[in-house]
Amino acid sequence: MNYPIETRRHSAAHLMAAAVHRLFPEAKFGVGPAVENGFYYDIDIGRAVTPDDLKAIDKEMKKIVRENPAFVRGELSIDEAIKLFTELGQTYKIELLNDLKTKGTTKVSAEEAQDIDPQNVGSVSMYRTGEFADLCRGPHVTEAKDVGVWKLWKVAGAYWRGKDTNPQMQRIYGLCFATKDELAAYEKMLEEAEKRDHRKLGAELDLFTFSPLVGSGLPMFTPRGVILRQLLTDFVWELMQPYGYERVWIPHIAKSDLYKTSGHWDKFEDDLFHVSSKKTDEAFVLKPMNCPHHTQIFASRPRSYRDMPFRFSEVTTVYRDENTGQLQGLSRVRSITQDDAHVFCRPDQVRDEALAMYKIIDGFYKGFNMPLKARLSVRDPDHPEKYLGGDEVWSNAEQALANLLKEVGMPYEVGEGEAAFYGPKIDLMAHDSIGRTWQLATIQLDFNLPERFELEYTAEDGTKRRPVMLHRAILGSVERFLGILIEHYAGAFPLWLAPVQIAILPVADRHNDFAFALAKELREAGFRVEVDDSTESVGKKIRNAEKMKLPRMLVVGDKEMEGGELTVRVRGEADQKTQSKEAFIKEGLETVRARAA
RNA sequence: GCCAGCGUAGCUCAGCCGGUCAGAGCAGCUGUUUUGUAAACAGCAGGUCGUCGGUUCGAAUCCGACCGCUGGCUCCA
C-alpha cells in the first residue's frame, strides 16, 4: 500500500507510543505528530529518558511490528473519551479533551492541531494499536508493519503545549521514511551538513573564534574572517548605490529613556544588557537595535517634504542578552552585527522605497545562487494586544506590502502572527546549496516609531506630517549570514570571497625569492596572496592549501623561473594548467568581478 | 532560562566499574632533507585531565556546584 509519508510518520509515532506504553505502563502521553523527516511523541515517565531507554523502546517497536497489529479506528463522544482517559490516568489527554469540549479547539500550536480534528466537535476519533489506544484523528496505516523504516533519533525536553510555565515532558524524536534507502540518504545529508558545520569550518579555516573569558555568544573575527565580513558588507553597499542611501554612525549605548519611548523597554527589558554609571544615576543599555537612534538623527533638524526620503544606513553591532541555552555558533549570538537601514519617507513614497529594497535583496542573493521565497508576515488576528498601533494603520500597511509582492511577481505565503510588534514585514527566505531555507533579509513597515518619537516633516502646504519608516536588512545579521554562507559553500568560497585567493608554493628554498616577488606583483594586481615558504614537500604544501580551501595554487620551481609561464592548480582539481602571468591575472580579475567561482 | 548529554595537550581521540592513568596521531619547535603535484625522516616540547568543593588511605575516574560546549524546548525587536 502506498501511504503518504506523513501517514507513515504519524503511525510510527503511535507505534512508538505503544512500545513506551508496554515498557512504562505509567507513562502519560502528550502529543505525537508527524514532522519533517519523521515524528516525535511527548511523553512523561516521571524521569528523563536515557539512551538505554531509547534502545529498549526501539526493540519493543520491532517486536510490535512482528506481531503486526492493525490500526483500528473508533469513535466516541468527548465525554466518553474523557471517561476512558480518566480511567487510564492520561491527564494530558484529558486536558486536551476538556479544551475541545469548552473551547472547541485544542489548538495551542499548529502541530498539536494535527492530533484532533477541531471541525469534528462533539465526538472524537480514537486509534487502537494492539493494547494501546490513543486519541487521534488519523489517518493511519492499516497494519503496524506499514509504518516504514524508522530510527529513534534523540530525546529532548519540551514544555507541555509549548509553554515555558508548563511542566517539561520528554520528547522522543524519530526519523521515518518509506524505504531504507530514503532513511540512509537522509542520514547521509545530516552527515554532509555536519561536515559543513560553520562552527567546525570556522575554526579550521581560521575565520572566527570564541573565548570563555570573553563570554559565550560573543564571537571574535580573525583577519581572514574580517575579510569575509568586509566583502559581504561592501557588496551590499555597492548594490545600494543607485538608491541614494547615506551612511550614519551611532554610539553603542543609549539611555534607557530612548527605549522607553520606542516601546522596546516594556517588551524586551529582560533581554537588554544594562549599563550603569557611577557618575550619574541615569540608566543606560547597550543598544539592542538601531532604529530609535536613527529616528533621533531624523529628528535632529526640521525636514521638508522636498528632501524626503532620508535613507540612513549603517553596519553596526547590537547586543541582546539571549538565553544562554539558545546560543549557537554564529547562528545565535549576543553581539549581532546588522547591515541596517532606515528609510523615512512620505506615505506616497513607500512603494518605491520598498521596491528598491527588494531589488537590492534580489541582487544580493543572486550573487550567491541562493533562490528566494517571500513571506508576508502579518498580525496574529487572535492576539491584537501584542501589537502597537491601530487596526486601520496595520491593514493599510499589510496591503501595501502585499501589493508590492504582487507587483514584482514574487510568490509569497502569508505568515500570520509573524509580524514585528510595530508593523508588518516581508521576510525573504533563502535556499542554500543543500536544500535548507533560512529567513534572512527583511523589509519592515513601521507606522509606530514615527508616532512614538513624534517625527514630522513639513508638507507642501506648510502642515506638519508624520513620515513612514521602513526598516530593512539584507544579510539579516552579518554573523548569522556568514555562518550560513560557510555551510552553503562548505568553506570553499568563490574566488571573490576567499580570504586567501592564491597560494604560491615554491618547490625548494631557492625559489622563495621568486615566489615572494610574484606574490608582490599579484597583490599589486589586487589579489590576496600567501606564500608557503615552509620546508615541506610540494605534496604537503598542496595538501595544506587544499585543506584551507584556497581557490588557486601556483607551484613555482626551476621550470617557472626559467620559462616565465605559471603552473596553475585550481582547488579541488587534480589537473593543472600552464598559463602566462598576464592571462592568469586577467582571468582571475574577471572571475572576481563576475563574483563567480 | 528549562530538559538531557558532554568537557583528557592547539586539533582529533585513547585511558574512566578508584591504586605505574597522564597516552597516541596531527599541529608546534629543533635538526637532517631542497623536495615537482593531497602527508619526507628523526628528536624535543606541550596537559594542576574545564574550575572549585566533597567522598576516600588514594580521584582524570565517584558526588555536588559553577563555567563552557552540543541537541532540543521557550524566546527572537
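Small disclaimer: the values here were computed from a predicted structure and weren't measured. Naming: A, B, ... by sequence-line order, numbering from 1 per chain.
In the set B:G72, B:A77, B:A40, B:A77 carries the atom at the smallest distance from any side-chain atom of A:His264. Set against B:C3, B:C69, B:U35, the side chain of A:Gln168 has B:C3 as its closest nucleotide. Taking only side-chain atoms of A:Thr567, from C-beta outward, the nucleotide of B:A38, B:G1, B:G36 with the closest atom is B:G36.
Look at A:Glu353 and A:Arg311 and you find a salt bridge, because one of the NZ, NE, NH1 or NH2 atoms lies within 4.0 Å of a carboxylate O, short of that distance. Classification of A:Asp99 and A:Arg161 as a salt-bridged pair holds, one side-chain N sitting under 4.0 Å from a carboxylate O.
OP1 or OP2 of B:C73 sits under 4.0 Å from a side-chain N or O of A:Tyr173. Between A:Gln328 and B:G71, a side-chain N or O to OP1/OP2 separation shorter than 4.0 Å is present. Checking the phosphate oxygens (OP1, OP2) of B:U34, no side-chain nitrogen or oxygen of A:Lys540 falls inside 4.0 Å. Look at A:Lys154 and you'll find a side-chain N or O under 4.0 angstrom from OP1 or OP2 of B:G72.
Both distances falling under 3.5 Å, in either a Watson-Crick or a G-U wobble arrangement, occur for no nucleotide opposite B:C21. A 3.5 Å limit on both hydrogen-bonding distances identifies B:U30 as the Watson-Crick or G-U partner of B:A42. Searching all strands for a Watson-Crick or G-U wobble partner of B:U48 with both distances below 3.5 Å returns nothing. Pairing partner, B:U70: B:A4, with both Watson-Crick or wobble hydrogen-bond distances short of 3.5 Å.
Between the base of B:C3 and the side chain of A:Arg171 there is no donor-acceptor pair shorter than 3.5 Å. For A:Gln170 and B:G72, a side-chain-to-base donor-acceptor distance below 3.5 Å is absent, hydrogens and geometry of angles not being considered.
For the P atoms, the distance from B:C21 to B:U61 is 16 Å, rounded to whole Å.
Contacts of A:Arg199 with the nucleic acid, taken as non-hydrogen atoms under 4.0 Å apart, involve only primed sugar atoms and P, OP1 or OP2. Counting any heavy atom pair closer than 4.0 Å across all strands shown, A:Lys559 reaches a base atom. When heavy atoms are screened at a 4.0 angstrom cut-off, A:Asp271 is found touching base atoms of the nucleic acid. Among the protein residues, A:Phe210 comes within range of no part of the nucleic acid, since none of its heavy atoms lies under 4.0 Å from any strand. As judged by a 4.0 angstrom heavy-atom cut-off over every strand, A:Thr535 is placed among the base-contacting residues.
Closest approach of A:Trp160 and A:Asn166 over heavy atoms only: O-ND2, 2.7 Å.
Of the residues near RNA chain B, A:Val555 and A:Thr50, the one whose nearest nucleotide (by heavy atom distance) lies more toward the 5' end is A:Thr50.
Judged by a 6.0 Å distance limit and a 45° cone about the ring axis, A:Arg379 is not positioned over the six-membered ring of A:Phe421.
In this structure, A:Asn323 places its CG atom 14 Å from P of B:C73, rounding to the nearest Å.
Between A:Trp265 and A:His274, the ring planes lie perpendicular to each other; the angle is over 60°, past the 30° to 60° tilted range.
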